[in-house]
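Side-chain atoms are counted along with the backbone in the values below, which use heavy atoms only and exclude waters and symmetry mates. Being a predicted model, the structure only gives us computed values, none of them experimental. Whatever order the structure lists ligands and atoms in, that order sets their numbers, starting from 1.
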Amino acid sequence: MSYVFAPAPVVAVPIAGSSEQFAVRRIYCVGRNYEAHAREMGHDPDREPPFFFSKPADAVLYVAPGATGEFPYPQQSKSVHYEMELVAAIGKAGKDIPAERALEHVYGYALGIDMTRRDLQAEAKKLGRPWDTAKGFDHSAPLGPIHPVSKVGHIDHGAIWLTVNGEEKQRSDVSQLIWSTAETVAYLSTLFELKPGDLVFTGTPEGVGAVVKGDLMKGGVDALGDFSVRVV
Ligand code: MN
């Protein structure tokens, strides 16, 4: 058996403090999962069911600890926003997972930024079109290493924040998630069978905004440290 073209390389990110890697299968993202962010996007923060979109696995832009990642400013947009997020990494397959067992499927957590072409998203919303070009573009998922639950535990509280050029733009607490990681994983598993290697971006707090070339984003979640990404 041979392929006409070489298969795409496996997308993998390191496990923090280990030589092992986490092979990425799919990237799911939750929309509007912090009340104040739902409000700033013009929505009623009533607890409507979570909704999801996705990014391709090779949208991952891995940022090593201590390094500064380089996010290439994407084409076809004049308004590219950061969305700092806690990312849950799935380590065990499941579908229709009850919320009280959902965390058993989470292998670890990572820092992530859901980079968004906000102008394309606004146009897609207005026209009832899909969000793929707004959300799933190349390098749209800056991601730090995966921290195993065996080292950091489950993260249901703690600060989540992001600065741009040293100025604080986002600050909230993971406890403010409308749908907790467990509830999100449970709900997502009623829509898709989850498999090891899936990543779940759990949503961003208020304070999203645009960046321009040269800006330095720095984001963190208590227990996971921080990471830096420059817009180039
Ligand atoms: Mn997001």
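- With no hydrogens or angles considered, a side-chain donor-acceptor pair links T116 and K135 at under 3.5 Å.
- A cation-pi geometry, defined here as NZ or CZ lying under 6.0 Å from the six-membered ring centre and within 45° of its normal, holds between R117 and F137.
- The closest approach of E83 to the Mn ion (ligand 1), by N/O/S atoms, is made by OE1.
- For D114, the N, O or S atom closest to the Mn ion (ligand 1) goes by the atom name OD2.
- Side chains of Q170 and T204: a donor on one and an acceptor on the other come within 3.5 Å.
- Remark: the backbone N or O of V231 is not paired with any side-chain donor or acceptor of D215 at under 3.5 angstrom.
- Note on E85: its N/O/S atom closest to the Mn ion (ligand 1) is OE2.
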